[in-house]
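Inspection log for the structure reproduced underneath, given as structure tokens.
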Protein chains: 4
Amino acid sequence: MEHNGQQVGRPRDSRVDEAITAAVQKLLGEVGYAGLTVAAVAERAGIGRASIYRRYATKHEMIFAAIVHGEVLEVPPDTGSLLGDLTALARVIVGHLSNPAAAGALMSLLGEIAADPALAERFTTTFVAPERAGNAELLERAVRRGEMERLPDIDLFHAMFGGTVLSWLFISHHDPHDLPERLARFACAALRSTAHQPLPSN
Amino acid sequence: MEHNGQQVGRPRDSRVDEAITAAVQKLLGEVGYAGLTVAAVAERAGIGRASIYRRYATKHEMIFAAIVHGEVLEVPPDTGSLLGDLTALARVIVGHLSNPAAAGALMSLLGEIAADPALAERFTTTFVAPERAGNAELLERAVRRGEMERLPDIDLFHAMFGGTVLSWLFISHHDPHDLPERLARFACAALRSTAHQPLPSN
Amino acid sequence: MEHNGQQVGRPRDSRVDEAITAAVQKLLGEVGYAGLTVAAVAERAGIGRASIYRRYATKHEMIFAAIVHGEVLEVPPDTGSLLGDLTALARVIVGHLSNPAAAGALMSLLGEIAADPALAERFTTTFVAPERAGNAELLERAVRRGEMERLPDIDLFHAMFGGTVLSWLFISHHDPHDLPERLARFACAALRSTAHQPLPSN
Amino acid sequence: MEHNGQQVGRPRDSRVDEAITAAVQKLLGEVGYAGLTVAAVAERAGIGRASIYRRYATKHEMIFAAIVHGEVLEVPPDTGSLLGDLTALARVIVGHLSNPAAAGALMSLLGEIAADPALAERFTTTFVAPERAGNAELLERAVRRGEMERLPDIDLFHAMFGGTVLSWLFISHHDPHDLPERLARFACAALRSTAHQPLPSN
DNA sequence: CATTAATCGAGACGGTACGTCTTGTCTTGCA
DNA sequence: TGCAAGACAAGACGTACCGTCTCGATTAATG
């Protein structure tokens, strides 16, 4: 009566996992977070509802998994300057959040997270921490380059950079097309001044 | 076109409106956005469910109205310096968003808004536009004081300032106690440098 | 400080009473007993709901009043023979119950009556007793004519005669066009034999 | 066309069907037709409301099914005489209609039926036709016995016999205790006399 | 003629049932 | 054991009524 790694019985069909994730992403774009139902996901995926609940305890976990699936934000490659790096980073963030599927869903998920500490924990580990680490790496590059004397307040920078994009898109509902440049220029100037770096002669 | 030249029929009881708003706010703090039901609101308010649906077409509209009710963020009084003003503004925002009632509810509402253009419109008019105007006023004070040469990119500043608080609280889940000072200092430095104002000697 | 028969204040508008009765009868034919609503009656009658409740305590009383309004079954005039009188009586009953308005409504009303003793009392007084008396009068004519030796069991006859029509129309859903003749012939034969009248030689 | 070659999915629980029927019958006796609610039935039956709506499209269909469930009136066994058979038949009918549960409910159901042709169809098939057939069988026995020369007008007899009981109980509200004997004697005499007369037209 | 009291249309109010929908669990038969 | 299908208990949603209540505006009889 031990149930270790040695699987017993029929193994899970990995195509089912993929079908669920794909169906959730497609449906989020079509009906939104609140309009998404487990029955619709199962039908779209061509599977039974039981196969979903065998994998995820609740609907929210299923959506969470589908949203964060492979969505780890990559640190953009070194462009040679802080301004270039920040612009690239902003483009990555804007690109992800402009995806109509995950768009509003992320906000709803944040609401859910606010009421569910377990989900919050997983969200932090999976999403927030790696992103913060990526931001830190990018800033360290600037220090190494000599563009900043020392590292700024990374927590604040992280909240500021992502939060600005979030607010721009989902609160102000502005057009994101030139946001990366504007945000990067602003952040770059801020970082240089807060890091007590004398302004360059430009 | 016979809107209401003179009232006909029994007029609405304003105490019912107040009871609904109060009940929603209290229940949001107790059970959260997802756990809130119309029946619970009616019971808590001591009214019938019909009286709610007479005022709001859906549960979401009711919650929206209760959240934004009288929540217009006041522009803090002039403290004599940009840094002081920004600190005060951050404190107001943090104060509102730390309210456990509206806390997660606001995020869920933002998710709802992303899927409902009508709600988005009302949210912008009621909430976003006044707040942006408040930010602008505060920055104009700084220009008049001579702390900045000219107004910065107000849309970007607005998204940055509020977005940072949002992200700090609901994505990073950091402690907000010293956020106002840190954010204000950061923003102040950024504004001064982006506005091409030479740094003072201090 | 006495408030006797002397009316004071605005008197009731008799056109309102008529409009209510007419609207109920018309609507019963259109939407049936269960589909009838007080609001629909008021709208059709061009009056306010309060004016209905000022006259009738409940919806059922209103319908009751509209159904029994002036529906007292008249005893048909003497045709000279029991068979003729019974045929005429059956025609009157069939005529009343074939009215599509009151048709199903009467059955629903009987269901209501079974659960409401007060309504039952009024129904008996207004409807059942006069009808039984009419039946008795008709049978007495036959005795006076010498067609029967003595009066039969009037309660049974009354239940039989009306009940047969009721069942024919609302349980069997048969065509009523030749029912009066068939029923009258049957009843006539039954009455003659139960009244110990020797069968005619034919 | 894939109706049910072989069953797929979880089969329905027959205990749920029984629980619904039992709960409806009990509640009809307690609160009557109009006072019966689907929620109360579900609670009494210890099941969910969805399980009721999975079986019946509306409340009325549920009540209909519960009332007619196994209520097929059995033809009483041969007593050796027409009078005896009719007395037994009358007792069966009175017995069924005196059941306080189905009592007023049947009348309300008849009202419902008058406004719903689909329900009427099912009522005729399930209830009326078998009962008429039973009446016919009983009368044929009398013909075979030689008590009647030939069969009377069966439609009329059927409407008369059941209709009389209906009217006696629900319109006149008389005591049913000696109704079977009185009705049987009356009907017996009527049948003997009408069956000895040549039927006029047919 | 002004007062008074009940009426009228309109519609808000508390309460409650309806029928639909969704969630997360359970139970079939087949693979 | 996994899987598709679908029944199950629970309960929220938004609609529709009921019978009561409040409005402002009539409308007679009374003072």
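In what follows, chains are A, B, ... by sequence order, proteins preceding strands, each numbered from 1. Quick caveat, the model's predicted, so the values are computed rather than measured.
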>> Can you tell me which nucleotide in F/dG6, E/dG14, E/dG11 comes closest to the side chain of D/V8?
In response: F/dG6

> Could you give the NZ-to-P distance, from D/K59 to E/dT20, as a whole number of Å?
Replying inline: 14 Å

> Please give, in whole Å, the distance from F/dC8 P to D/D17 CG?
Replying inline: 8 Å

>> Please classify the nucleic acid contact of A/L36 as base, sugar-phosphate, or nothing, using heavy-atom distances under 4.0 Å.
In response: sugar-phosphate

> What's the spacing between B/Q25 CD and B/I63 CD1 if we round to 0.5 Å?
Replying inline: 11.5 Å

>> For a side-chain contact (heavy atoms from CB on, under 4.5 Å) check, start with the C-alpha distance between D/Y56 and D/I20, then their side-chain angles and the critical distance, and finish with the verdict.
In response: CA-CA 11 Å; D/Y56 310 107; D/I20 293 173; 4.2 Å; yes

> Ion pair present between B/E61 and B/R55, side-chain N to carboxylate O less than 4.0 angstrom?
Replying inline: no

>> Taking the minimum atom-to-atom distance to the side chain of D/D13, which one of F/dC13, F/dC8, E/dC13 wins?
In response: F/dC8

> Nearest nucleotide by nearest heavy atom, which residue falls closer to the 5' end of DNA chain E, C/A50 or D/A39?
Replying inline: C/A50

> Between atom CD in B/Q7 and atom P in E/dA12, what is the gap in whole Å?
Replying inline: 9 Å

>> Can you tell me how far apart CD1 (B/I67) and OG1 (B/T126) are? Round to the nearest 0.5 Å.
In response: 12.0 Å

>> Is there a side-chain contact between D/S51 and the phosphate of F/dA7, meaning an N or O under 4.0 Å from OP1 or OP2?
In response: no

> Closest nucleotide of DNA chain F for D/R54 versus for B/G9: which of these residues is on the 5' side?
Replying inline: D/R54

>> Let me spell it out: for each of B/I47 and D/T58, pick the nucleotide of DNA chain E with the closest heavy atom. Which residue's pick is nearer the 5' end?
In response: B/I47

> For the atom pair CG (C/L106) and CZ (C/F127), what is the distance rounded to the nearest 0.5 Å?
Replying inline: 6.5 Å

> Once you round it to whole Å, what is the distance between P of F/dA9 and CD1 of D/I20?
Replying inline: 9 Å

> Between A/R55 and F/dC3, does any side-chain N or O lie under 4.0 Å from OP1 or OP2?
Replying inline: yes

> Is there a residue in residues 108-123 of chain C whose heavy atoms reach under 4.0 Å of DNA chain E, and which residues are they?
Replying inline: none

>> I need the OH-C1' distance between A/Y33 and E/dT22, as an integer number of Å.
In response: 14 Å

> To the nearest 0.5 Å, what is the distance between CG (D/L109) and CG (D/D116)?
Replying inline: 10.0 Å

> Expressed in angstrom and rounded to an integer, what is the separation of A/Y53 atom OH from E/dT22 atom P?
Replying inline: 11 Å

> If you measure from OG1 on B/T21 to CD on B/E18, what distance do you get to the nearest 0.5 Å?
Replying inline: 8.0 Å

>> Taking the nucleotide of DNA chain F with the nearest heavy atom to each, does A/V16 or C/G35 sit closer to the 5' end?
In response: A/V16

> Has the side chain of B/R12 got a donor or acceptor that lies under 3.5 Å from a partner of the other kind on the base of E/dG11?
Replying inline: no

Indicate every side-chain donor-acceptor pair of residues 31-43 of chain B with a distance under 3.5 Å to a residue at least two apart or in another chain.
residue, atom, partner, partner atom, Å
B/Y33, OH, B/H60, ND1, 2.9
B/Y33, OH, B/E112, OE1, 3.4
B/T37, OG1, B/A40, N, 3.0

> Would you say F/dC17 has OP1 or OP2 under 4.0 Å from some side-chain N or O of C/T37?
Replying inline: no

> Quick one: the side chain of C/R10 and the base of F/dT26, do they pair up donor-acceptor inside 3.5 Å?
Replying inline: yes

>> How many whole angstroms separate atom CD of C/E18 from atom P of E/dC8?
In response: 13 Å

> To the nearest angstrom, how far is B/E43 atom CD from F/dG11 atom C1'?
Replying inline: 14 Å

